A.B. asks: 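Take this structure first; my questions come after.
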There are 2 protein chains.
Amino acid sequence: MEQHPNREDDTKTRLLMAAGEVFAERGYRSATVREICRRADANIGAINYHFRDKKGLYRKVLEYSLRLAIKKYPPDMNLKKGTGPEEKLRAFIRSFLLRMMADGLPAWHGKLMAQEIANPTSLIKQVIKRSIRPLNDYLEKTVCELMEKEGIHKKPGDYEPFVCAMSIIGQCIHYFKGRPMIQALCPEGFDDSDIDMLTDHITNFSIGGIRAVTGKKRSPKIS
Amino acid sequence: MEQHPNREDDTKTRLLMAAGEVFAERGYRSATVREICRRADANIGAINYHFRDKKGLYRKVLEYSLRLAIKKYPPDMNLKKGTGPEEKLRAFIRSFLLRMMADGLPAWHGKLMAQEIANPTSLIKQVIKRSIRPLNDYLEKTVCELMEKEGIHKKPGDYEPFVCAMSIIGQCIHYFKGRPMIQALCPEGFDDSDIDMLTDHITNFSIGGIRAVTGKKRSPKIS
DNA sequence: GATCATTTGCAACACAAGTTTAAATCGGGT
DNA sequence: ACCCGATTTAAACTTGTGTTGCAAATGATC
């Protein structure tokens, strides 16, 4: 039935792939080992043999997905050095959206993270430390660069860059998790091909937001 | 253990109250009838007797919560007529955050909606129609007023006000559903008392965002 | 080709959660 | 005091899900 978990691969790999798919689209709790095994065309027992239990499988999926993600989406987003912060922000948002919305092999990295954020499991700590924190640091750094252009000097970890980063992430995640509601609210529009328009909107909106946040603080410093 | 479902009330009311609490904090799927009954100090069978089944109970909770919400948070947010759109937006964001974050009796209206958005049930259509849509309309209208001040004429339902509204809602919901992650990312800060700071930030950020979005479109119309 | 570790398939088990049922209890009305 | 309907209770039933054990099959090594 499924394509990606190629029958050529060994059972362990097929399980890993199928599990990645299912965990990504259903989340840890709602995913069932039986569906994973069905998609992997493997036996229920195999999961116990190769990964001990469901959580062991999930742990391996996270590790594998993380390793792939680092390769495919390095923190600097493969942008040439010296690109302006606006373009860095746009690239960040676009890749963040793509990672969550896209289908296919590298799709589940973002979805897994989004699921963890919305419904944390006991592995949330690890996910944050190794996946979310680096992304967030990069985003905060970019935000700081944008603030710098407004004449405000902030460093990652300060209050303003942090909440701005949260506002940006929040928008992106909302467009993923809130898709059913958005479809219902606005039935005519928003197929998956609109990621570019979405990227434009969130980028513009956020740049304006950052500008406004720094603007509030600037007044005492200008004069 | 619990306070609100007062032992004085009849079983049906106690069940309704307890269910509101549990559904609000756990979501429909993760909530269990057994916990609801335990909190309501009622028998398992009572749910079947009074509400047919879990979904029937949930439906009644939504109806009751909606009726209360309309009374407590009317669409115009009880602002005096003639208030500026900035203040309307701030009031909207603040009440939206409060409804999700607060504890106590009227707390679960917002939480239920947020849970529905993040994990829709089969009743999502009804929730959207009667709760979310009106709120969204009001928000879009406010956004349009803000755009008007920038010299751009848009009406609710147009693309720009819609995506701006989504960006605002997205930020608010992220601060509710993403609380565990935010705590982990920024352990020092963010107790529940920071709603005022959050309101300030999201309001400023969003006003700047709206300004930026209209700014992009304004250039051809100005000249 | 025999032996051993690895892998698979199947069935059973445990457990949690929603639902149902039948008996017990209670409260008014006559 | 008795009866009848409404309510409450306790227990069983059903289903879905994770886990485990075991026998059979497979494959590699000597």
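Below, each value reflects all heavy atoms present in this structure, side chains not excepted, and no hydrogens, waters or symmetry copies. What you are looking at is a predicted structure, and each value in this text was computed from that prediction instead of being measured. In what follows, chains are A, B, ... by sequence order, proteins preceding strands, each numbered from 1.
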A.B. asks: Under the rule for side chain to side chain donor-acceptor pair (under 3.5 Å), what residues qualify as partners of A:H174, not counting sequence neighbours?
C.D. replies: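 Partners of A:H174 under the side chain to side chain donor-acceptor pair (under 3.5 Å) test: none.
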A.B. asks: Quick one: A:R38 CZ to D:dG16 P, roughly how many Å, whole number?
C.D. replies: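 After rounding, the gap between these two atoms is 13 Å.
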A.B. asks: Given B:D10 and B:T13, is the side-chain hydrogen bond (donor to acceptor under 3.5 Å, both in side chains) satisfied, shown in steps?
C.D. replies: CA-CA 6 Å; B:D10 59 349; B:T13 308; 2.6 Å; yes
A.B. asks: Nearest of D:dG18, D:dT19, C:dT19 to any side-chain atom of A:T32?
C.D. replies: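 The listed nucleotide nearest to A:T32's side chain is D:dG18.
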A.B. asks: Find the distance B:R14:CZ to D:dT9:C1' and express it as a whole number of Å.
C.D. replies: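 Atom CZ in B:R14 sits about 13 Å away from atom C1' in D:dT9.
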A.B. asks: Closest to the B:Y49 side chain: D:dT19, D:dA6, C:dT8?
C.D. replies: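 When the side chain of B:Y49 is considered, D:dA6 is the closest of D:dT19, D:dA6, C:dT8.
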A.B. asks: To the nearest 0.5 Å, what is the distance between NZ (A:K154) and CG (A:L146)?
C.D. replies: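 The CG atom of A:L146 is 15.0 Å from NZ of A:K154, to the nearest 0.5 Å.
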A.B. asks: For A:I47, which contact category applies under a 4.0 Å heavy-atom criterion: base, sugar-phosphate, or nothing?
C.D. replies: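 Answer is nothing: A:I47 stays at 4.0 Å or more from every strand.
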A.B. asks: Using a strict cut-off of less than 4.0 Å between a Lys/Arg side-chain nitrogen and an Asp/Glu carboxylate oxygen, indicate whether A:R39 and A:E25 qualify as a salt bridge.
C.D. replies: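 Salt bridge present between A:R39 and A:E25.
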A.B. asks: Less than 4.0 angstrom from a charged side-chain N to a carboxylate O is my criterion; do A:E35 and A:R26 meet it?
C.D. replies: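 Salt bridge between A:E35 and A:R26, a charged N being under 4.0 Å from a carboxylate O: yes.
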A.B. asks: Given C:dA17, D:dG18, C:dT6, identify the nucleotide with an atom nearest to the side chain of B:R34.
C.D. replies: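 Selected nucleotide: C:dA17.
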A.B. asks: Please collect all side-chain hydrogen bond (donor to acceptor under 3.5 Å, both in side chains) contacts where either partner lies in residues 42-57 of chain A, sequence neighbours excluded, each pair once.
C.D. replies: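 For residues 42-57 of chain A: A:K55-A:S122.
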A.B. asks: Taking only heavy atoms on the protein side, list every residue of residues 51-62 of chain B lying under 4.0 Å from any atom of DNA chain D, sorted numerically.
C.D. replies: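 Residues of residues 51-62 of chain B under 4.0 Å from DNA chain D: none.
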A.B. asks: Looking at D:dT20, C:dA17, D:dT9, which one has an atom nearest to any side-chain atom of B:N43?
C.D. replies: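 Output: D:dT9.
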A.B. asks: Between C1' on D:dT17 and CZ on A:F23, what's the gap in Å once rounded to a whole number?
C.D. replies: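 So the CZ-C1' distance, A:F23 to D:dT17, works out to 13 Å.
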A.B. asks: A:D41 has an atom CG; how far is it from atom C1' of C:dG9, in whole Å?
C.D. replies: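 In whole Å, C:dG9 C1' lies 12 Å from A:D41 CG.
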A.B. asks: Whole angstroms only, please: what is the CD1-P distance between B:I44 and C:dG18?
C.D. replies: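 From B:I44 CD1 to C:dG18 P: 9 Å.
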A.B. asks: What nucleotide, of D:dG18, C:dT19, D:dT20, holds the atom closest to the side chain of A:V33?
C.D. replies: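 Selected nucleotide (nearest to the side chain): D:dG18.
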